[in-house]
Amino acid sequence: MGVPAGSRPTNTLAIVSLATGAASFVILPLVGAIVAVVTGHMARRDIRRTGEAGNGLAVAGLILGYVHLALFVLAIAVVILIFAGLLAGVFGQH
């Protein structure tokens, strides 16, 4: 059938970005966030070039991906601080 007159096709990478960004919080930790960020940037570049729809989806995927990455970095920092505190407690006592 094709695309109806007057409507623009939605960029596939924008859909992938949003889906993996959401999935990064549920089933694809870290990998999903990285895929969401990469495909989100690729989608926005393609959308600017081709005029396809889906910029909002790409931005939402980027936001979800970056938020997940920030939370991941924060969690790693907390784990390192806890581990350093435990080591200081164990080796600090003589």
Side-chain angles (χ1 to χ4, degrees):
M1 290 293 258
V3 178
S7 70
R8 301 175 299 166
T10 302
N11 183 281
T12 304
L13 288 173
I15 297 168
V16 170
S17 178
L18 179 61
T20 56
S24 71
F25 287 94
V26 183
I27 57 174
L28 295 171
L30 192 58
V31 173
I34 293 168
V35 171
V37 169
V38 171
T39 57
H41 283 293
M42 291 170 61
R44 294 198 71 210
R45 182 194 64 222
D46 288 350
I47 290 166
R48 281 192 300 272
R49 187 174 46 82
T50 65
E52 292 175 304
N55 189 57
L57 299 175
V59 170
L62 282 168
I63 291 169
L64 289 171
Y66 278 124
V67 166
H68 186 91
L69 289 175
L71 291 173
F72 181 79
V73 169
L74 182 63
I76 294 297
V78 167
V79 168
I80 289 171
L81 289 174
I82 290 171
F83 187 67
L86 290 174
L87 286 178
V90 169
F91 292 112
Q93 298 173 358
H94 292 298

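These numbers come from the heavy atoms of this one structure, side chains and all, not from hydrogens, waters or symmetry mates.
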Q: Does Arg44 reach the main-chain N or O of Ala58 with its side chain, forming a donor-acceptor pair under 3.5 Å?
A: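 Looks like no, no N/O pair under 3.5 Å.
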
Q: Could you go through residues 62-88 and list every donor-acceptor pair under 3.5 Å that involves a side-chain atom there, pairing it with any protein atom two or more places apart or in another chain?
A:
| from | atom 1 | to | atom 2 | distance (Å) |
| --- | --- | --- | --- | --- |
| Tyr66 | OH | His41 | NE2 | 3.0 |
| His68 | ND1 | Ser24 | O | 3.4 |
| His68 | NE2 | Leu30 | N | 3.2 |

Q: For a quick test of reading the model, state the closest non-hydrogen atom pair linking Ala14 to Ile47 and the distance between them.
A: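 That would be CB-CD1, 4.4 Å.
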
Q: Quick one: pull up CG in Leu13 and OG1 in Thr20 and give me the separation to the nearest 0.5 Å.
A: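 If I round to the nearest 0.5 Å, the distance is 10.0 Å.
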
Q: Measure the CG-CZ distance between Asn11 and Arg45 for me, rounded to the nearest 0.5 Å.
A: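 Spacing of CG (Asn11) from CZ (Arg45) equals 9.5 Å.
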
Q: Count I, L, V, M, F, W, Y as connected when their side-chain heavy atoms are under 4.5 Å apart, and connections chain through other members. Are Ile34 and Met42 then in the same cluster?
A: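 Yes, Ile34 connects to Met42 through the hydrophobic network.
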
Q: Find out if a path of hydrophobic residues (ILVMFWY) with successive side-chain heavy-atom gaps under 4.5 Å connects Phe25 to Val38.
A: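 No; tracing contacts between hydrophobic side chains, which count when under 4.5 Å, never links both residues.
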
Q: Show the nearest heavy-atom pair for residues Ala36 and Gly61, with the distance to one decimal.
A: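 In terms of heavy atoms, the two residues are closest at CB-O, 3.7 Å.
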
Q: Could you tell me which non-hydrogen atom of Arg8 sits nearest to which non-hydrogen atom of Glu52, and how far apart they are?
A: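 So the two residues come closest at NH1-O, 3.7 Å.
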
